[in-house]
Amino acid sequence: MIISGALECCLEKPSSSGGMSQSGGNMFILRLFAGMLAATAVAGPAAAAQLTVQVEGADPRQGPVLIGICTGSLDLDSCGYNQTIQQPPGNFSVVFPELPEGSYAVAAFQDTNGNNNLDRDPNGLPREPYGFSNGTGRTAPPSFKAARITVRGNVVARVRLARSPLTR
């Protein structure tokens, strides 16, 4: 097995003085590095995937659409991959190439006043058109679990932008 072989390469016999000899210490470091390199080569780089987000319901006269690809939660800090479409048509697609395979959620909103924030009313409901993957967040607060999609290979996710029915 490669992993145990990598560990075995790093075991050094002590010198007659009880510790490692100078050359043994250097050999230890070289073998450790070689073992780590071999283990990395077996694991290989993370596979890359392509996520295409199809956005529906944008109003071309109402401002840019911001699309975020989130990991672990729907907090802004968790949406490390993002794109902004300045003058969106009503329906459009955005491609996120070379995305590491894994679990993500898509969040999008149309920034009708150009402040780069999803504006909310005093109750916390969005005032601007918004949407999430899997159509979540329409009748209850969205959760990462409900919006989660698995990205492996080429995947298409759909997001429908709409205003909250409670803020009209």
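Just the heavy atoms: all of them, side chains too, but no hydrogens, waters or symmetry mates, feed the values below. Counting begins at 1 with the first residue of the sequence.
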Would you say [X]'s side chain and [Y]'s backbone share a donor-acceptor pair under 3.5 angstrom?
X      : Y      : result
Asn123 : Leu125 : no
Asn134 : Ala146 : yes
Ser133 : Ala147 : yes

Tell me the closest heavy-atom pair linking [X] and [Y], and the distance in Å.
X      : Y      : answer
Gln110 : Gly63  : NE2-O, 2.8 Å
Leu74  : Ala105 : CD2-CB, 3.7 Å
Phe144 : Cys70  : CE1-O, 3.5 Å
Gly68  : Asn82  : CA-CB, 4.1 Å
Glu101 : Arg152 : OE2-CA, 3.7 Å
Gly131 : Val159 : C-CG1, 3.5 Å

(request) Test the Arg138-Tyr130 pair against the cation-pi criterion, namely NZ or CZ under 6.0 angstrom from the six-membered ring centroid and within 45° of the ring axis. (result)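 Flagged: Arg138 positioned over aromatic ring of Tyr130.
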
(message) Go through it in stages, so that I can follow the logic: the residues are Ser93 and Thr52, the test is side chain to side chain donor-acceptor pair (under 3.5 Å), and I'd like the CA-CA distance, side-chain angles, deciding distance and then a yes or no.
(response) CA-CA 7 Å; Ser93 294; Thr52 301; over 6 Å; no

(request) Report yes or no: do Phe109 and Phe132 belong to one cluster of Ile/Leu/Val/Met/Phe/Trp/Tyr joined by side chain heavy-atom distances under 4.5 Å? (result)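 Yes, one cluster joins them.
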
Residue pair [X] / [Y], side-chain donor-acceptor N/O under 3.5 Å:
X      : Y      : value
Asn113 : Asp119 : yes
Thr112 : Glu128 : yes
Ser73  : Ser78  : yes

